[in-house]
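As structure tokens, the structure follows; a few thoughts come after it.
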Protein chains: 2
Amino acid sequence: MKRKITLKHIARELDVSISTVSKALKNSEEISRETKEKIQAFAKLYNYKPNNIAISLKNKKTKNIGVIIPDIVHHFFTTVFRGIEKYANDKGYNVIVCVSDESFDKEVINMEMLANGSIDGFIMALSAETQLKNDFNHLKQVTDQGIPLVLFDRVTDEVNCDKVVIDDQAAAHMAVSKMIADGRKRIALVTTENYLNVSSKREDGYKQALKEHNIPVRDELILRLPYQYEDEKLSEVFFATQEVDAVLCVNEIFAIRTIRFLQDNQLQVPTDVSVIGFTDGILSRLSNPTLSSVAQHGEEMGTIAAKMLIDKVESDVEEGDEQYHTEVVEATLIERESTRSS
Amino acid sequence: MKRKITLKHIARELDVSISTVSKALKNSEEISRETKEKIQAFAKLYNYKPNNIAISLKNKKTKNIGVIIPDIVHHFFTTVFRGIEKYANDKGYNVIVCVSDESFDKEVINMEMLANGSIDGFIMALSAETQLKNDFNHLKQVTDQGIPLVLFDRVTDEVNCDKVVIDDQAAAHMAVSKMIADGRKRIALVTTENYLNVSSKREDGYKQALKEHNIPVRDELILRLPYQYEDEKLSEVFFATQEVDAVLCVNEIFAIRTIRFLQDNQLQVPTDVSVIGFTDGILSRLSNPTLSSVAQHGEEMGTIAAKMLIDKVESDVEEGDEQYHTEVVEATLIERESTRSS
DNA sequence: TATTAACACGAAACCGATTTCGTGCTTTAT
DNA sequence: ATAAAGCACGAAATCGGTTTCGTGTTAATA
């Protein structure tokens, strides 16, 4: 086993000082050509690589960024993560991921763990529980310490920091308008219990689009499922209101399950009922019929978030007069088989 | 902004030495009760938390583990990751993820980046390109340095380290045997180009099961798709051999696409053709018909891998006489709608 | 009263780098 | 010959902790 070699080893072997070795390896003008060549050759030979931790300690920069997401087994977050990771890696940063599992406590613990020097900044989406509790002290503590923070998708107005979101309301509005334009009249919404910021915005967009077209908003057409859906619930609305001719779902899973439910009840998609989901993921592309879906462009969101964070990390502007921005990524409707004019 | 407070600050404020503060905070017997109380109170008040980096440097332990996977937007890896993350977090470790994107070079770069002190050990699945090149020097370098390594799923015999796999051959064997027992006779295999270790093992299992039941292995029934599948290819086999009555696919996506293809060609699943996939993911549960699938128990694999790694990291057994183990996680066949006896 | 032990704390080394500030020696200018 | 410059390098501080070893003071023992 070849243990890692340090500056000290090189210095000892070559009978020079540690400072000389350090300078030589940085090609400093201060060191004579021959000494540099000797040291560099030796370093190459023994494959010397500086210890990241020591450098971090000295620089007070870790080149690590912390990402905290509610769930990793979820296509959207996974996509955002990929955007973050790619951009960060290109810039020489590593990514430490923590999964909050939708739990407030885990979110707090994870942040505290990472905030003590492990990372240069955070990118995160709030857990469901955090949004429910409306308690953001852990975020404020972090920003108070001068650690840059970027929130994406699940954000809050309570915290002052950079944010990346899609215009959920506009996206839902667009989807519903499209259905209306296709001649659909009784448009249902399948959403989550609305402590989730994004869900309620989508609901707003849904309602607004209906109103603009003088279609009454009917509460029976709005189905609120728990975030961890259970199968049976789906039936209620549709049995209650047979004549639904279109459904907007706030995520892919709800949409797929809606389609399945309709099919099992002898309704044809899109002939009888048109369906649009959110989160353009693998399910949308591979379901049968394929699912029309609002693409949230997760990877792009990730890239933007990473860029915002790293820019802030590397800028020397001392805070006080900081400007925080909210980037809005435009959502696009990807039309597939599950929609067609009636 | 409240900058982070250090031992030095506390020492200065309270007019004691840094060593005293350090000991007091660890509740050392060496320090008097009153001094300890004073220091602890002060530390609490100013919310003192030791700097992780400094501790890492001193201990030569980072409490970070590096995970390198080919792709994060892939249900199986995501599942394994969740297992790793949960276990590691419970043990006080953080997880740094790098995505190799199936590229050899990225894998090498990422490993080198992390190997210089950033992590205490690696968990990884080999990239496709690495398996193709059959070049594992980067892995050997890491193990030579005494950094523990655990390989999962995509492993190789060339490297001496702990491993976690499922018995792919047995799993495929089981799936095919089940189809045979159901009365299926012409069983096709949809697989990837077989530089992927796992694919070739599954193919072995497929062939072996056929042989054991005296069913001839027919090459026309084996379809090899590029890893990044393209749609058209799927048609060939099935058009060539209309009478296929069962299909085993080496992943979920191939399976879903097979089902869709069959349906588009007026074949009923499972009535006419029975389909089984690998990777029991979200697609399997939500497709129509739902997909029978070989569950690889990714989360369990992740947990085991994390446990093996952390055990090794925390054991003081100096190497030389190390024992490496390969844990085999049993695959199980989850039967859903896509299979039924003919 | 002299000696020793116990107590409470501080100095300093160390982890592995970077960087500032000196300093001895050679070379050039006066 | 002497002072000033320049070159090549080393000592030491620093980042923020941990830990070993000493040491001055007090209390217990002979």
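Fair warning: this is a prediction, and the values are worked out from it, not measured in the lab. Numbered from 1 within each chain, the chains take letters A, B, ... in sequence-line order.
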Starting from the 5' end of DNA chain C, give me the residue, B:R33 or B:K60, whose nearest nucleotide shows up first.
B:R33
On DNA chain C, check which nucleotide each of A:T6 and B:I31 is closest to and give me the residue with the more 5' one.
B:I31
Distance-only polar pair, side chains of [X] and [Y], donor-acceptor under 3.5 Å:
X	Y	answer
A:S127	A:E107	yes
A:N110	B:N89	yes
B:K36	B:N27	yes

Quickly work out the [X] [atom1] to [N] [atom2] distance and round it to whole Å.
X	N	atom1	atom2	answer
A:K8	C:dA17	NZ	C1'	11 Å
B:L14	C:dG10	CG	C1'	15 Å
A:E34	D:dA8	CD	P	9 Å
B:L25	D:dT18	CG	P	8 Å
B:N59	D:dT19	CG	P	7 Å
A:I55	D:dC15	CD1	P	17 Å
B:K61	C:dG16	NZ	C1'	16 Å
B:N52	D:dC15	CG	C1'	15 Å

What nucleotide, of [options], holds the atom closest to the side chain of [X]?
X	options	value
A:Y48	C:dA17, D:dC15, C:dC9	C:dA17
B:E30	C:dA17, C:dG10, C:dT18	C:dG10
B:A54	C:dA17, C:dT18, D:dG17	D:dG17
A:L57	C:dA17, D:dT18, D:dC15	D:dC15
B:T20	C:dG10, C:dG16, D:dG17	C:dG10
A:T35	C:dC15, D:dA8, C:dA17	D:dA8

Under 3.5 Å, N/O pairs linking protein and nucleotides 11-13 of chain C:
residue : atom : partner : partner atom : Å
C:dA11  : N7   : B:S19   : OG           : 3.3
C:dA11  : N6   : B:S19   : OG           : 3.1

Please say whether more than 12 non-hydrogen atoms of neighbouring residues, nucleotides or ligands are located less than 6.0 Å from [atom1] in [X].
X	atom1	answer
A:D157	CG	no
A:K91	NZ	no
A:N134	CG	yes

Check whether any side-chain nitrogen or oxygen of A:S32 sits under 4.0 Å from OP1 or OP2 of D:dC9, and answer yes or no.
yes
Is there a side-chain contact between B:K26 and the phosphate of D:dT18, meaning an N or O under 4.0 Å from OP1 or OP2?
yes
For the backbone of [Y] and the side chain of [X], can you confirm whether one donor and one acceptor N or O come within less than 3.5 Å of each other?
X	Y	value
B:E300	B:V329	no
A:T35	A:I31	no
A:D120	A:K63	yes

Contact check, side chains of A:I96 and A:L114, non-hydrogen atoms, under 4.5 Å:
yes
Would you mind reading off the bend of the helix from C:dT1-D:dA30 to C:dT30-D:dA1 from its two end axes, five pairs each, to 10 degrees?
80°
